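Reviewing the structure listed below.
Computed from a predicted structure; not experimentally measured.
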Amino acid sequence: MSAQKPILNRYSSRLTQDSSQAGSQAMLHATGLSRADFDKAQVGIASMGWEGNPCNMHLNSLAGTVKQGVTEAGLIGFIFHTIGVSDGISMGTEGMKYSLQSREVIADSIETVMGAQWYDGLVTLPGCDKNMPGSVMAMLRLNRPSVMVYGGTIRPGRLGSRKLDIVSAFEAYGEHLKEQIDAGEYAEVLMHACPGAGACGGMYTANTMSAAIETLGLSLPYSSCTPATSDEKTAECGRIGAVMRLLLEQDLKPLDIVSRAALENAVAVVIALGGSTNAVLHLLAIARTAGIPFSIDDFQKVSDRTPYLADLKPSGQFLMEDLHDAGGVPAVQKLLLEHGLLDGSCLTVTGKTLEENLSELPGLAEGQQIVVPVEKPLKATGHLNVLYGNLAREGSVAKITGKEGTRFEGRAVVYNSEEACIAGIEAGEVGPGSVVVIRFEGPRGGPGMREMLKVTAAIMGAGLGKEVALITDGRFSGGTHGFVVGHVCPEAWDGGAIALIENGDRIIIDADAKTLHLDLPDALLEQRRAAWVRPESSIRSGALHKFRQLVSSASEGCVTDR
């Protein structure tokens, strides 16, 4: 007796196999489906493609290649779209307030289309950084067979013999302020920094999250590091139909793949690669969506046992394409697995475990200089650290590679917005020994929790990277480097201690002790607290107002579906 065929159209059959769904079937015929097509599984292909951003401008083309592969696998593919926000374009403006909340919109909209249309499986094609966690959060909510295809990293720009990327452009602004380069050189850097399609090229948030999600098991090996405009990326898209058919046949779903061990694996890879502080926010949100208890303290535990190994930008010298040429993210995973720093038993979208996938793949290329040996790390423990203290009772996240030291003590220079800080830097208010404080930029206070790359790049470009620290209840781009602490909780809007700092106060940041301390007597701090009044906000309606009403703290991942 032959084995029973697996049911692939578990969801779409609600519309296609019920004779009473007359309207559903009539409209599906209008899309070009035949009666025989009604027996096939339907796959939603969620493209985050749009023309106004290099990270996303090629995704609709990739989605077409995915659809062709889905069709060849005997499935029905339907492309739909969701939004994106270009962090690089909106950075340093009020527009950046929309960035983090776009993650929630992306998750909500993918869930909405998939739920309303009864698609059996999901393929997502994200480019910029919030696209990716938004995609994964939707996958976990739906828990239908799903796979993510990362749009890929941008190629490096070039100016003469010099390699450029988006952070080169931001830091050129600081160099121009200090008259280290003239207006013509500044314009040349901007013109050549981004040569075409693909996400920002260093170990910034997009590439951090692509590496984390590949390690979670939700995308194919090499998806996270393959350049956007390469033939390899097109070939990956062509294989997705067969991958989706396998997932449907095995009924292998995201909640079968994403586990606590998989989350710890993802954190370990983020640490080894020198990834973005935003990974903390996004992995916390992913864990919450999956119903897996996972906190900033769990993130710290993995950071404490994982060495920082990859000499990648922003604090290093290489780009993601260089890592791909040296063996890619799978080679880094393989190195970590060999040293007992990953759990190889976790399932992936290939239907195999992480260890089984890696056993078939090569390790790091001989002679490569990007990833150092585990025995001789750039830093023996992680560059991302969770700091507590009287300035961060509920935690904060520091990105300290050790190149700038691990302890900083200085006097506060306080600003109530990013714009005020930029004006202060331009006016020469920030100098050696300053601890720049930017507040009312948290998830509720902003609202939206802007990234501060414009500020940090200006500081680095002005040559103050080792002489100035920065703390904020906002967050940082993955392109940020220097002595920086973000995600300070409670945030200023909620009356956290960061709201009480005054110019000249002494602040001590200690990454070894994992503390963030305002050097004031408790009685004086309480006196200031009693006199504090929350400032008025001009945002009283719309998407950002709604985000403010719903969002959790940064230490809880800034989720809105609590």
Side-chain angles (χ1 to χ4, degrees), residues 50-58 85-93 95-96 99 127-129 151-207 227-230 276 311-325 369-370 403 418-419 421-428 430 451-468 476-482:
W50 55 289
E51 293 180 342
N53 179 22
C55 310
N56 298 68
M57 66 187 193
H58 62 305
V85 166
S86 173
D87 293 357
I89 293 174
S90 63
M91 193 75 68
T93 76
M96 190 67 201
S99 172
C128 199
D129 50 354
T153 186
I154 197 171
R155 304 278 193 184
R158 292 189 181 275
L159 186 57
S161 61
R162 180 184 170 195
K163 279 188 176 182
L164 301 176
D165 68 335
I166 185 64
V167 174
S168 307
F170 281 101
E171 292 185 358
Y173 166 70
E175 293 167 355
H176 185 45
L177 279 181
K178 288 293 182 180
E179 299 182 349
Q180 295 169 3
I181 59 174
D182 62 25
E185 291 173 288
Y186 182 37
E188 284 292 307
V189 171
L190 305 191
M191 188 174 297
H192 292 91
C194 300
C200 300
M203 191 42 58
Y204 313 142
T205 305
N207 286 330
T229 56
S230 66
S276 166
D311 190 25
L312 294 165
K313 287 192 174 188
S315 56
Q317 56 182 319
F318 295 103
L319 296 170
M320 190 61 143
E321 183 178 41
D322 299 318
L323 177 63
H324 183 65
D325 292 341
Q369 298 179 322
I370 300 164
K403 295 179 181 180
E418 182 181 10
E419 286 81 5
C421 180
I422 288 290
I425 292 171
E426 290 174 343
V430 175
E451 293 180 347
M452 304 291 168
L453 180 57
K454 186 175 180 180
V455 173
T456 58
I459 290 170
M460 296 301 293
L464 294 170
K466 295 184 179 181
E467 300 176 275
V468 170
F476 300 110
S477 163
T480 291
H481 58 126

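Taken to the nearest 0.5 Å, the CG atom of D182 stands 8.0 Å off from the NE2 atom of H176. We find the NE2-OG distance between H324 and S230 to be 6.0 Å, quoted to the nearest 0.5 Å. L164 CG to L190 CG: the interatomic distance, rounded to the nearest 0.5 Å, is 10.0 Å. N207 CG to T153 OG1: the interatomic distance, rounded to the nearest 0.5 Å, is 4.0 Å. With rounding to the nearest 0.5 angstrom, the CD atom of E185 is 9.0 Å from the CD atom of E175.
Heavy-atom minimum distance, C200 versus C55: N-SG, 4.2 Å. For the pair G95 and S90, the tightest heavy-atom approach, listed with the atom from each and the gap, is C-CB, 3.8 Å. Nearest heavy-atom pair, C128 versus A206, reported as atom, atom and distance to 0.1 Å: C-CB, 4.5 Å. Across all their heavy atoms, F170 and G88 have their closest contact at CZ-O, 3.7 Å. The two residues A228 and H58 make their nearest non-hydrogen contact at CB-NE2, 3.5 Å. What you find for M57 and G196 is that their closest heavy atoms are CE-C, 3.8 Å.
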Does I425 form a side-chain contact (heavy atoms from CB on, under 4.5 Å) with I459? I'd like the steps, not just the answer. CA-CA 8 Å; I425 292 171; I459 290 170; 4.0 Å; yes

Step by step, would you call M91 with I166 a side-chain contact (heavy atoms from CB on, under 4.5 Å)? CA-CA 11 Å; M91 193 75 68; I166 185 64; over 6 Å; no

Dump the intermediate steps for side-chain contact (heavy atoms from CB on, under 4.5 Å) on V455 and E418, then the final yes or no. CA-CA 7 Å; V455 173; E418 182 181 10; 3.7 Å; yes

Start with the C-alpha distance between E419 and I422, add both sets of side-chain angles, then the distance that settles side-chain contact (heavy atoms from CB on, under 4.5 Å), and finish with yes or no. CA-CA 5 Å; E419 286 81 5; I422 288 290; 5.8 Å; no

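Legend: salt bridge (charged side-chain N to carboxylate O under 4.0 Å, His left out) pairs involving residues 155-168, not counting sequence neighbours, sorted by first then second residue: R155-E321, K163-D322, D165-K313.
The neighbour count for Q180 CD, taken as heavy atoms of other residues, nucleotides or ligands under 6.0 Å away, is above 12.
At least one side-chain heavy atom of I154 sits under 4.5 Å from a side-chain heavy atom of P195.
By the 30° and 60° cut-offs, the orientation of the rings of Y186 relative to Y173 is tilted.
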